[in-house]
Colleague: 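Please find one structure pasted underneath; my questions will follow.
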Amino acid sequence: LLVAGDDGGMISVWDASTWQLIDTIDHKSQVRGLAFALGGKAFVAGGADRKAGEGDTMAMLTASDVVTRDPRWHSSEIQSGVRHLTSTPDARRLAATSEDRELYIWNHELNSIATVPCAKSSSIAFSADGRRLAVGSTADSIMVWEVGSESADLLSTIKGHLAGVSGVAFVKGSNTELWSTSPDYSIRIWDLEHCEPFLDLDFSADEKTRLTYFLDGNKTKVMIIRNGKEAWQWDLSSHDLTPIRRQFGDASSHLAITQHGEFVAGATIDELSVWKLANPSESVFRCNVDRLSLPPLTKLIPSTLSVSRNGRSVALAYSELGRNAKSMGIVVVDMATGKIRSLVPPATTRSSSDVPPVFSPSGKRIAVQRDDQSEVWDIAVNPPRLVRSCQTSGSLTCAEFSPDGSSLAIAGGAISEIELYNIDTGGRITLTGHTNFVNCMVFSHDSSFLVSGSKDKTVRIWETETGQQRSVISGHHGPVSYT
């Protein structure tokens with residue numbers, strides 16, 4: 001099941017395997033938290049009711065059967081409103097924090113274990129074994145409790161963030177390692193045995209921070225990319241954090257990492273570079289505009305940097321600045337040798353696209369974004385061959401190949417439509433439903449579904465064979481940027 005609640009007090013229940021809406025329940029209060037309980041046999045909703053004509057709130061904490069949706073349990077312990085709600089991974093313990101700064105813990109039968117004072121909470125999380133509970137506060141601390149069968153004892157109060165704690169979560173499968181985030185633009189992982197951070201990422205407060213994570217092929221290292229410009233390598237066994245960006249120096253303004261974490265590519269307006277992550281101090285190759293045999297007055301467009309899924313090629317756009325027009329082409333380079341694999345010829349454009357070229361899963365085709373169309377080129381032949389031109393209603397915002405490589409989904413224009421093309425036949429299906437720009441798309445593994453996220457704050461699921469909309473998922477408070 002997938003269960004979601006909204007500010008209006010409505011709880012929606014979906015079948016997560018079919019995305020069919022099963023039921024709706026009127027919670028009669030703003031839903032502030034949802035969690036499974038009773039070993040997964042019930043889901044619990046927490047919120048608060050506003051009394052007519054009064055400023056006080058009355059708590060609403062209820063459990064409903066996952067099969068019948070009938071009421072299973074109701075608690076009147078919380079009198080001031082629920083702030084946060086969570087359960088253990090096995091759904092055998094439940095915890096909630098209240099507006100009057102109390103922490104409540106219940107056992108597998110929803111009998112009370114403990115009620116203890118705590119700071120004003122920003123988030124709460126159980127460890128993997130359910131024996132530890134962390135509460136992040138809107139102040140600058142994290143409180144950690146040891147939860148027994150009949151009581152809960154405060155183990156430690158951790159301080160270190162400068163502007164409160166916005167979120168806490170245990171590292172997957174761990175009982176002693178805890179993530180925390182803060183409005184002070186920092187992310188930390190804490191060793192709860194020593195109450196010290198072993199990973200500490202601090203970001204400047206003058207820009208919007210976006211993090212991307214990659215797990216290497218051996219699953220021993222995590223590569224962390226910040227805003228496409230800075231990189232760190234985190235060793236999962238030693239917890240050592242290496243700032244790779246510093247070893248690159250000023251050679252790159254944008255970075256991209258191959259899927260299995262073997263290579264990292266960087267680009268500026270006049271140079272393309274590739275490094276092996278095993279030895280980032282030495283570059284595999286560096287190619288300037290002259291070595292790439294590009295026309296005079298050519299500038300690379302670093303923001304369009306992308307790598308193929310098989311890790312063999314890197315591509316980015318280049319622009320030729322003429323007297324009255326601007327043209328844009330694509331250069332595809334072999335990641336291991338630095339030799340040019342293919343040059344997609346330039347064409348006149350109204351503006352340089354910020355949407356990177358997209359490789360097909362096999363790496364043999366590439367989708368090039370120019371103005372209001374996406375061109376699919378076969379780069380396995382020399383010279384490259386134009387296979388299909390796919391039109392949108394306006395400037396492109398995103399493009400995505402299906403896993404089998406047979407289809408290309410593109411989105412663009414103010415009318416927020418998605419065009420789904422069969423690349424070989426030219427068949428086209430228009431997906432209509434979003435009410436604002438589409439920011440991101442991803443196909444299911446079998447290519448039978450397409451999931452899209454939009455500036456209209458919704459995620460939509462489409463059948464690729466018919467173009468029918470299967471489901472609309474609402475609940476985000478802002479634009480959906482990644483799916």
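All of these numbers come straight from a predicted model, not from anything done at the bench.
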Colleague: For R309, is there an ion pair with E400 - N to carboxylate O distance below 4.0 angstrom?
Modeller: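 Salt bridge flag = yes for R309 with E400.
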Colleague: Which value, rounded to the nearest 0.5 Å, describes the distance between L420 atom CG and T430 atom OG1?
Modeller: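 Here the interatomic distance stands at 9.0 Å.
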Colleague: With a 4.5 Å cut-off on side-chain heavy atoms, are Y318 and M328 touching?
Modeller: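 No. Closest side-chain heavy atoms not under 4.5 Å.
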Colleague: Would V332 and F359 satisfy side chain to side chain contact (heavy atoms under 4.5 Å, CB included), going step by step from the backbone distance to the final call?
Modeller: CA-CA 10 Å; V332 183; F359 283 95; 4.2 Å; yes
Colleague: Given 3.5 Å as the limit, does a donor-acceptor pair link the side chain of S360 with the main chain of I366, or not?
Modeller: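 No: the side chain of S360 does not pair with the backbone of I366.
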Colleague: Is there side-chain contact between V171 and L178, with heavy atoms separated by less than 4.5 Å?
Modeller: no
Colleague: Side chains of H434 and S452: any donor to acceptor distance under 3.5 Å?
Modeller: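 Yes, a side-chain donor-acceptor pair sits under 3.5 Å.
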Colleague: Can you find a side-chain donor-acceptor pair between D140 and H161 that sits under 3.5 Å?
Modeller: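 D140 vs H161: no donor-acceptor pair found between side chains.
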Colleague: Could you tell me whether the side chain of D191 and the main chain of C195 form a donor-acceptor pair under 3.5 Å?
Modeller: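 Checked: no pair found.
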Colleague: Is the closest basic N to carboxylate O distance between R132 and E193 below 4.0 Å?
Modeller: yes
Colleague: Taking all heavy atoms of A315 and all of I330, pick out the closest pair and write down the distance.
Modeller: CB-CG2, 4.2 Å
Colleague: Output the distance between atom CH2 (W14) and atom CG (L21), rounded to the nearest 0.5 Å.
Modeller: 6.0 Å
Colleague: For I410 and S374, work out which heavy atoms get closest and say how close.
Modeller: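 Closest heavy-atom pair between I410 and S374: CG2-CB, 3.7 Å.
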Colleague: Looking at CG of N310 and CZ of R312, how far apart are the two atoms once the value is rounded to the nearest 0.5 Å?
Modeller: 5.0 Å
Colleague: For the pair T458 (side chain) and I473 (backbone), establish whether a donor and an acceptor sit closer than 3.5 Å, ignoring hydrogens and angles.
Modeller: no
Colleague: Do E419 and Q391 come within less than 4.5 Å of each other through their side chains, counting heavy atoms only?
Modeller: no
Colleague: Can you tell me if S121 uses its side chain to pair, donor with acceptor, with the backbone of S123 under 3.5 Å?
Modeller: no
Colleague: If I compare all heavy atoms of T86 with all of F126, which pair ends up nearest, and what's the gap?
Modeller: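 Heavy atoms only, the tightest pair is CG2-CD1, 3.8 Å.
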Colleague: Is S402 reaching over with its side chain to a backbone N or O of S407, donor-acceptor style, under 3.5 angstrom?
Modeller: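 Looks like yes, one N/O pair under 3.5 Å.
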Colleague: For S182 and S166, test the side chains for any donor-to-acceptor distance below 3.5 angstrom and give the result as yes or no.
Modeller: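 The criterion, which ignores hydrogens and geometry beyond distance, is not satisfied for S166 and S182.
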Colleague: Do H84 and R32 have side-chain N/O donor and acceptor atoms under 3.5 Å apart?
Modeller: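 No, because no side-chain N or O of H84 sits under 3.5 Å from a partner of the opposite role on R32.
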Colleague: Under 3.5 Å, is there a donor-acceptor pair between the T268 and E271 side chains?
Modeller: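 Their side chains do not contain a donor-acceptor pair, so the 3.5 Å distance test is not met.
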Colleague: Please confirm whether the backbone N or O of S447 pairs with a side-chain atom of T464, one donor and one acceptor, at under 3.5 Å?
Modeller: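 Yes: the side chain of T464 pairs with the backbone of S447.
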Colleague: Without hydrogens or angle criteria, can the side chains of S313 and R341 be said to hold a donor-acceptor pair below 3.5 Å?
Modeller: yes
Colleague: Decide yes or no for T397 and N439: does some side-chain heavy atom of the first lie under 4.5 Å from some side-chain heavy atom of the second?
Modeller: no
Colleague: To the closest 0.5 Å, what do you measure between CZ (R460) and CG (L431)?
Modeller: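 Between R460 CZ and L431 CG, I get 11.0 Å after rounding to 0.5 Å.
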Colleague: Please name the pair of heavy atoms, one in I22 and one in D15, separated by the smallest distance, quoted to 0.1 Å.
Modeller: CD1-N, 3.5 Å
Colleague: Return the CG to OG distance between L133 and S127, rounded to the nearest 0.5 Å.
Modeller: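 Going from the CG atom of L133 to the OG atom of S127 covers 8.5 Å.
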Colleague: Walk me through whether I418 and M441 qualify under side chain to side chain contact (heavy atoms under 4.5 Å, CB included).
Modeller: CA-CA 10 Å; I418 300 171; M441 297 181 292; 3.7 Å; yes
Colleague: Run the salt-bridge test on R365 and D424 with the 4.0 Å N-O cut-off and return the result as yes or no.
Modeller: yes
Colleague: Specify the closest pair of heavy atoms between A125 and V168, including all atoms of both residues, with the distance to one decimal.
Modeller: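 For A125 and V168, the tightest heavy-atom pair comes out as CB-O, 3.8 Å.
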Colleague: Using modelled atom types only, decide if a donor and an acceptor are shared between the side chain of R470 and the backbone of T18 within a distance under 3.5 Å.
Modeller: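 The answer is yes, because a donor-acceptor pair under 3.5 Å joins these two groups.
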Colleague: Under 4.0 Å between a side-chain nitrogen and a carboxylate oxygen: does that hold for E375 and R388?
Modeller: no
Colleague: Are the side chains of F36 and V3 in touch, meaning some heavy atoms are under 4.5 Å apart?
Modeller: yes
Colleague: Compare all side-chain heavy atoms of F437 with those of D456 and state whether any distance is below 4.5 angstrom.
Modeller: no
Colleague: Flag the pair F401 / V376 as yes when at least one side-chain heavy-atom distance between them is below 4.5 Å, and no otherwise.
Modeller: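 F401 vs V376: side chains touch.
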Colleague: Do V438 and C398 come within less than 4.5 Å of each other through their side chains, counting heavy atoms only?
Modeller: yes
Colleague: Give me the atom names and distance for the closest heavy-atom approach of P403 to F443.
Modeller: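 Between these two residues, the closest heavy atoms are CD-CB, 3.4 Å.
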Colleague: Might you work through the side chain to side chain contact (heavy atoms under 4.5 Å, CB included) test for D7 and V31, ending with a clear yes or no?
Modeller: CA-CA 6 Å; D7 289 346; V31 180; over 6 Å; no
Colleague: Mark yes or no for whether S454, through its side chain, and N436, through its backbone, hold a donor-acceptor pair below 3.5 Å.
Modeller: yes
Colleague: To the closest 0.5 Å, what do you measure between CE (M335) and OG1 (T337)?
Modeller: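 With rounding to 0.5 Å, CE (M335) is 11.0 Å from OG1 (T337).
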Colleague: Only one of T181, T138, I142 clears side chain to side chain contact (heavy atoms under 4.5 Å, CB included) with V165; which?
Modeller: I142
Colleague: After noting the C-alpha distance and the side-chain angles of I301 and L316, does the key distance pass the side chain to side chain contact (heavy atoms under 4.5 Å, CB included) rule?
Modeller: CA-CA 7 Å; I301 307 175; L316 75 163; 5.9 Å; no
Colleague: Just checking E465: does its CD atom have more than 12 heavy atoms from other residues, nucleotides or ligands closer to it than 6.0 angstrom?
Modeller: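 12 or below, so no.
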